[in-house]
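So you know, we letter chains A, B, ... as the sequences are listed, proteins then strands, and number each from 1. Hydrogens, waters and symmetry mates play no part in the numbers below; they use all other heavy atoms, side chains included.
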Protein chains: 2
Amino acid sequence: MTERGAPSLIDVAREAGVSTATAGRALGGYGKVSQRTRERVADAASRLGYRTNGLARSMITGSTQTLGVLVSDVSNPFFATALRGITDVTQQAGFEVLLSNTGGDADAERRALAVMSEKRVDGVIVAPALPSDGAHLARAIELSVPVVQLDRLASGVPSADSVTIDNEHAVAEAVGHLLELGHRRIGVITEADGDIARLRSGNRKRGLLPSAVRLRGYFSALTEAGIPVDESLVGVARYDRESAYDATTRLLELTEPPTAMLCTDNVLASGAYRAAQDKGLRMPDDLSLIGFDDEPWTTLVRPGLTIVEQPTYELGAQAGRQLLDRIERGPGRARHVQLKAKLVARDSTAPPG
Amino acid sequence: MTERGAPSLIDVAREAGVSTATAGRALGGYGKVSQRTRERVADAASRLGYRTNGLARSMITGSTQTLGVLVSDVSNPFFATALRGITDVTQQAGFEVLLSNTGGDADAERRALAVMSEKRVDGVIVAPALPSDGAHLARAIELSVPVVQLDRLASGVPSADSVTIDNEHAVAEAVGHLLELGHRRIGVITEADGDIARLRSGNRKRGLLPSAVRLRGYFSALTEAGIPVDESLVGVARYDRESAYDATTRLLELTEPPTAMLCTDNVLASGAYRAAQDKGLRMPDDLSLIGFDDEPWTTLVRPGLTIVEQPTYELGAQAGRQLLDRIERGPGRARHVQLKAKLVARDSTAPPG
DNA sequence: CTGAAAGCGCTTACAG
DNA sequence: CTGAAAGCGCTTACAG
């Protein structure tokens, strides 16, 4: 947008009768300028309708005051809320946010990261689409673009900061709640793909989607309670409502259906809730259900949904703070912040009927 | 992020044994280069780990391939979904999106617009926080930053394109639906502030928030049906669930309460729905309710909520297309696209009990 | 406090 | 097809 005849610092300097260096200092708030010339320059600038060219400035200062945010889908309430947390914190500090939707596609994420890097963002917050491969993130850090991971940890990026929730603990609490109520056949709806057997045996913290970490939490909570895991109670869905609906229906049609179910995510929970409704089940008598995330609908439905409440906004805000901090301090030992999620018991859970 | 020792085009050129002009042409995909040198330059670039400096490029080409988006709150599902529409269309065309939350504050919007303008965005999509004053938008257009208005029309910006829905028609349909069912005492929950009397008499299309336009639609639909407007049935709320809850409760406690209600927005609708539930009213027998926007919860609750369905994603996508188009074509007569909203009747509306 | 000059890293006419 | 030179609009040492 270098429009025809947009005034430059040269024009302002001439109008004010000073050098461009002085004009720049007066307008940019750096260096020393006398009160008088500052005013004279300001007047000249406003007379000419001068706007600083941020591109030129950034090229010299090495800072664009711009941050990149990479998520799979802003229209997902989880990311929308986290994003609000990010922007509130970073705008406050004078940074703008460049947003990219990856659609959960690792290649799209790589490309977007490259573009942001060419645009010289000062740092990046990313919810890695494919946590198992963080090579592109590691490369960004090498090029001295600070990276903060949000909601999930990629493997192969030892030096990237992160903000996540304690998923294992959160799920343990949820399963514990159901166990206390007396449930023994507890199902789970999850988008975790891949090899369940390996997931059960493994114990790495990185490289997994939250759904997978939560699924593992489910396995270990049951195991610790001495309840053998029944894989027919694991309903794997794609990441959408419809698929969760189908997976739930399948579980409910088992000859020995679960008396309670846990969903590893809010999108899946809404599909599951609907499926239970359509099946004609009364919650919590016929089925206890636990979802994730405290969205408005969870208290609007009857019964109100028992959920694992994530501090979603705070997750984003914290990621923003960490990135600002990292930009200020420069490279260093990675800091991993883990926020607590907590169970909010409502009316969709009760002892098995 | 001009990190120490990041290779520049000069380094690549030297490594490849060509001039920087040639290196630039080979890497940037402009001008003519022979196959052989193109390869040689590409090799040199990858050997050095070269990344184009987009800042320098933009300064010369006059284009940043970046668009600004200004909304009040990304965590509002309406804006989140519209934003997804915007980014899908514009990323596809090679543009990135700079996002700013104004919190509905006109000053914040002005500041954010100024910053984006300094960062030399190629254009801007904005849902004006204060439609009654579009002076800053007009100024942006003068500086040749194309502006597309989303969801609402500011006054004083004759040359800005826009994408909105036909609110008057949408509301007329909703009210018509209730009238057909036999309702005569129809309330409304709205965030429209200001002077209701003036709103009723006026007929300008610009300068109003969607809520206000919808409220006016409600007035005229009733008037056309020969039903006198009862201002005690107009529940004015701030823009949040709690306030909508209170406003709804107030209407329901009238000695002659409405038999049906319309909410001018999804946030307000969720507050109203809850209020009706808490009041112990059975919908639709005791009260018919209509909301806005087809959000997941509206089909999860019982009864399912009758709504005015906006093409939210498409609203954003269309705004994106229009902005791209405007950037390509340059200034010209403003184009105003109006999308249709449609009534989706579900179970929250029925004849008065 | 102020200015002349150099330079950030590219692309663009202009020649060849 | 390729190169030398100018220039985009700023900020930054370096002198004064």
Practice item. Give the rounded distance in Å between these two atoms: OH of B/Tyr30 and P of C/dA13. Key: 12 Å
Exercise for review: May I have the distance from B/Asp11 (atom CG) to C/dC8 (atom C1'), rounded to whole angstrom?
Suggested key: 13 Å
**Study point:** Nucleotide D/dT2, atom C1' - distance to CG of B/Leu27 in whole Å
**Key:** 16 Å
Review point. Between C/dT2 and A/Thr37, is there an OP1 or OP2 to side-chain N/O distance shorter than 4.0 Å?
Key: yes
Check your understanding: Between C/dT12, D/dC8, C/dA4, which nucleotide gets closest to the side-chain atoms of B/Thr61?
Key -> C/dT12
Point to revise | Closest to the B/Thr22 side chain, choosing from C/dT2, D/dT2, D/dC10 | key: D/dT2
**Study point:** Distance in angstrom units between B/Leu48 CG and C/dG9 P, rounded
**Key:** 14 Å
Check your understanding: Closest to the B/Ala56 side chain: D/dC1, C/dA4, C/dG9?
Key -> C/dG9
Review point. Any side-chain N or O of A/Ser19 less than 4.0 Å from the OP1 or OP2 oxygen of C/dG3?
Key: yes
Study note, to complete from the structure: One should read off an interatomic distance between B/Arg120 CZ and B/Thr66 OG1, to the nearest 0.5 angstrom, of 13.0 Å
Revision key, fill the gap. Interatomic distance, CG@A/Leu98 vs CD1@A/Ile125, rounded to 0.5 Å, equals 12.5 Å
Check your understanding: Which of the following nucleotides, D/dA4, D/dC8, C/dC10, is nearest to the side chain of B/Asn53?
Key -> C/dC10
**Study point:** side-chain N/O A/Thr52 vs D/dG9 OP1/OP2, d < 4.0 Å
**Key:** no
Check your understanding: Is there a donor-acceptor pair closer than 3.5 Å between any side-chain N or O of B/Asp122 and the backbone N or O of B/Thr64?
Key -> yes
**Study point:** Nearest-0.5 Å distance that lies between atom CZ in B/Arg111 and atom CG in B/Asp105
**Key:** 6.5 Å
Can you give each donor-acceptor pair under 3.5 Å made by side-chain atoms of residues 127-139 of chain A, sequence neighbours left out, with the distance rounded to 0.1 Å?
from	atom 1	to	atom 2	distance (Å)
A/Asp133	OD1	A/Ala135	N	3.0
A/His136	NE2	A/Glu109	OE2	2.7

Check your understanding: Distance-only, no hydrogens or angles: does the B/Asn101 side chain make a donor-acceptor pair with backbone N or O of B/Gly103 under 3.5 Å?
Key -> no
Exercise for review: Starting at atom NZ of A/Lys32, determine the distance to atom P of D/dT11, rounded to an integer number of angstrom.
Suggested key: 17 Å
Revision key, fill the gap. Between CZ of B/Arg38 and C1' of D/dT2 the distance, given in whole Å, is 13 Å
Check your understanding: Salt bridge or not for B/Asp161 and B/Arg335, using N-O below 4.0 Å?
Key -> no
Study note, to complete from the structure: Stems of at least 3 consecutive Watson-Crick or G-U wobble pairs (donor-acceptor distances under 3.5 Å) involving DNA chain C, listed by first number, are C:1-3 with D:14-16, C:5-12 with D:5-12, C:14-16 with D:1-3
Point to revise | Nucleotide of C/dG9, C/dT2, D/dC10 approaching A/Arg25 most closely (side-chain heavy atoms) | key: C/dT2
Exercise for review: Round to a whole Å and report the spacing from CD1 of A/Ile60 to P of C/dA5.
Suggested key: 17 Å
Point to revise | First of A/Val33 and A/Thr20 reached from the 5' end of DNA chain C, by closest nucleotide | key: A/Val33
**Study point:** Interatomic distance, A/Arg14 CZ vs D/dC10 P [rounded to whole Å]
**Key:** 13 Å
